[in-house]
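All of these numbers come straight from a predicted model, not from anything done at the bench.
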Amino acid sequence: MNRECVVVLDFGGQYNQLIARRVRECNVYCEVHPYTLDVEKLKAMKPKGIIFTGGPNSVYGEDSPQCPEEVYSMGVPVLGICYGAQLMAHQLGGKVETAPVSEYGKTEVKIDRSGALFRNVSDSTICWMSHTDYIAQAPEGFRITAKTPVCPVAAMENSEKGFYAVQFHPEVLHTREGTKMLEAFVKDICGCEGTWKMDSFVDETIKSIKERVGDGKVLCALSGGVDSSVAAVLMSKAVGRNLTCVFVDHGLLRKNEGDEVEAVFGPEGNYDLNFIRVNAQQRFYEKLAGVTDPEQKRKIIGEEFIRVFEEEAKKIGAVDFLVQGTIYPDVIESGLGQSAVIKSHHNVGGLPDYVDFKEIIEPLRMLFKDEVREAGLELGIPEYLVFRQPFPGPGLGVRIIGEVTEEKVRIVQDADYIYREEIANAGLDRNINQYFAALTNMRSVGVMGDFRTYDYAVALRAVTTSDFMTAEAAEIPWPVLNKVMNRIVNEVKGVNRVLYDCTSKPPGTIEFE
């Protein structure tokens, strides 16, 4: 299928896929590829534009990633972001040096609105900076289109050759007018019409899966969460009864969730699926006994998941493919390409070396959470499922600090149930993107009636975000928090203190571990 395409060349930045997501928001199809992509393959894709990402290196370093010179002679507009901007300057004859003053975070940038990227942008705007090096001198033929008091080349362009560069990150929401800049690049500069929609992704993915799977048997890891539910319905439309969905109740789910998942996807549910429920609670508790390190817990849970699937596959017969609801934030945080590992997700970095399936299919791998929801609605999945609270693959195993025990699971399940119930009662459930209760490993002295207690502290977490790569703590009204605290302390045995986590991401993550 012929379609407009913008290619993002990844130089190891944390926000590489976020750039692609912002381009897709402009209704232009976008793919991310490593900077080592063969130039002939790049040319064969016939991109309308190319974007260089940020990265952790210095462009003048001995082993720093470089862009093949042929890319600059393809006659395709190129936008360099952060490291990508410095790389463009370095390779085209400018100077990149260690900045006398580094810039990190929200920064006021003075804009020259005659620049092609900035025609719809304010004269002064807030942008997200993150750099130690800077462009000290723009290459010949370039003109400076933005600057800050300590960054002489915050943006530059050579419109004649179609080269554009920004030192800041237009793809993150902290850059207030970043979307306008990216839209100017893909539509005004690259000439994209912007006709790509989510229904295109759904139709093309179903077609691709049919061709890839053929008559093969497929086993889908179904958790009942948004990601795996969308993956399951997508697969069912592609392969029909050749799909078997296995739901593993590992004892680390939210309260009553196992029964809720079975009610939706089981024999009495609305979907034409082969559904198997595996009750493996004690098996997981035994594997996690004595384990306190969060990375180790994630990998144990991930490996045990795969082992359970292998066992179920043998009962079913020959199974060719395993389907997982992996989405891009899982991939990038598990360490994709040159990106640093933040935490391993059980269905990405936690995969064991040996898996008894021919191939693993991850149909949502390139999507962010809100894009997954959009795909779910396109597939006709009910809204109450599509907008279900996100839940990590390792479940409550990473919402319990320290060792996981059956008693701790019971405590956090009960506290979380109360929290979610009161958030819904207050009408806040669609305004907060993720909220949950976690069990800290801290115990403290309290008093109930005339008795001394020495019990656990529960931490409440709630964030607002559109992409789950960055997030801000939600400002929940105090009367709501106070009611939640009173109910948890009075109704959940083993808890005498409730805390609220106001940490953003970064520096924290959305989950606790």
Compare all side-chain heavy atoms of [X] with those of [Y] and state whether any distance is below 4.5 angstrom.
X	Y	result
V484	L460	yes
L243	N274	no
F265	L222	yes
V233	Y271	yes
V230	L379	yes
F321	V239	no
I276	I316	yes
V172	L18	yes

When rounded to the nearest 0.5 angstrom, what distance separates [atom1] in [X] from [atom2] in [Y]?
X	Y	atom1	atom2	result
T36	D10	OG1	CG	9.0 Å
L182	C30	CG	SG	9.5 Å
N431	I423	CG	CD1	10.0 Å
K408	I401	NZ	CD1	9.5 Å
I19	L79	CD1	CG	8.0 Å
D249	R283	CG	CZ	13.5 Å

N-O pairing of [X] and [Y] below 4.0 Å:
X	Y	answer
R420	D429	no
E171	R22	no
D320	K217	no
D203	K207	no
K255	D414	yes

Any sub-3.5 Å donor-acceptor pair from [X]'s side-chain atoms to [Y]'s backbone N or O?
X	Y	value
T503	G508	no
D416	Q413	no
T464	I432	no
K297	G402	yes
E4	G194	yes
T175	H169	yes
S208	E204	no
Q17	M366	yes
R461	I510	yes
T465	T470	yes

Who pairs with [X] by ring-ring contact (aromatic ring centres under 6.0 Å, His included), at least two apart in sequence or on another chain?
X	answer
Y500	none
Y83	F11
F284	H250, F305

What heavy-atom pair brings [X] and [Y] nearest, and what distance separates the two atoms?
X	Y	answer
A473	D501	CB-O, 4.2 Å
V458	A437	CG1-CB, 4.0 Å
C67	F52	SG-CZ, 3.4 Å
A415	I488	O-CD1, 3.8 Å
L273	C245	CD1-SG, 4.1 Å
N242	G214	ND2-O, 4.3 Å

Please identify each residue that fulfils side chain to side chain donor-acceptor pair (under 3.5 Å) with [X], with sequence neighbours left out.
X	answer
T195	none
R430	none
E286	none
E407	R410

Going by atom types alone, do E403 and T405 pair a side-chain donor with an acceptor below 3.5 Å? no
Could you go through N256 and R254, starting from their C-alpha distance and side-chain angles, then the distance that decides it, and tell me whether this counts as side chain to side chain donor-acceptor pair (under 3.5 Å)? CA-CA 6 Å; N256 303 328; R254 289 170 286 209; over 6 Å; no
Could you go step by step and tell me if D215 and K210 meet the salt bridge (Lys or Arg N to Asp or Glu O under 4.0 Å) rule? CA-CA 9 Å; D215 294 327; K210 285 180 179 178; over 6 Å; no
Residues that E268 engages under salt bridge (charged side-chain N to carboxylate O under 4.0 Å, His left out), provided they are two or more places apart: none
More than 12 non-hydrogen atoms from neighbouring residues, nucleotides or ligands closer than 6.0 Å to NZ on K187, yes or no? yes
Check this for me: E193, atom CD, are more than 12 non-hydrogen atoms of other residues, nucleotides or ligands nearer than 6.0 Å? no
Could you list the donor-acceptor pairs under 3.5 angstrom formed between side-chain atoms of residues 385-394 and any protein atom two or more places apart in sequence or on another chain?
unit_1, atom_1, unit_2, atom_2, d
R388, NE, E257, OE2, 3.3
R388, NH2, E257, OE2, 2.9
R388, NH2, E260, OE1, 3.3
Q389, OE1, Y435, N, 2.7

Taking it one step at a time, do R307 and E303 satisfy salt bridge (Lys or Arg N to Asp or Glu O under 4.0 Å)? CA-CA 6 Å; R307 299 287 84 88; E303 171 131 5; 2.9 Å; yes
With sequence neighbours excluded, what pairs up with P77 under the side-chain contact (heavy atoms from CB on, under 4.5 Å) test? F185, I189, C190
Check residues 37-51 and write down every donor-acceptor pair under 3.5 Å in which the side-chain atom is one partner and the other belongs to a residue at least two apart or another chain.
unit_1, atom_1, unit_2, atom_2, d
D38, OD2, E40, N, 3.0
D38, OD2, K41, N, 3.3

Give every residue pair that meets the ring pair (Phe, Tyr, Trp, His ring centres under 6.0 Å) criterion with at least one member in residues 196-225, sequence neighbours excluded. Y29-W196
Take V8 and H33, measure what side chain to side chain contact (heavy atoms under 4.5 Å, CB included) needs, and give me the verdict at the end. CA-CA 6 Å; V8 174; H33 293 276; over 6 Å; no
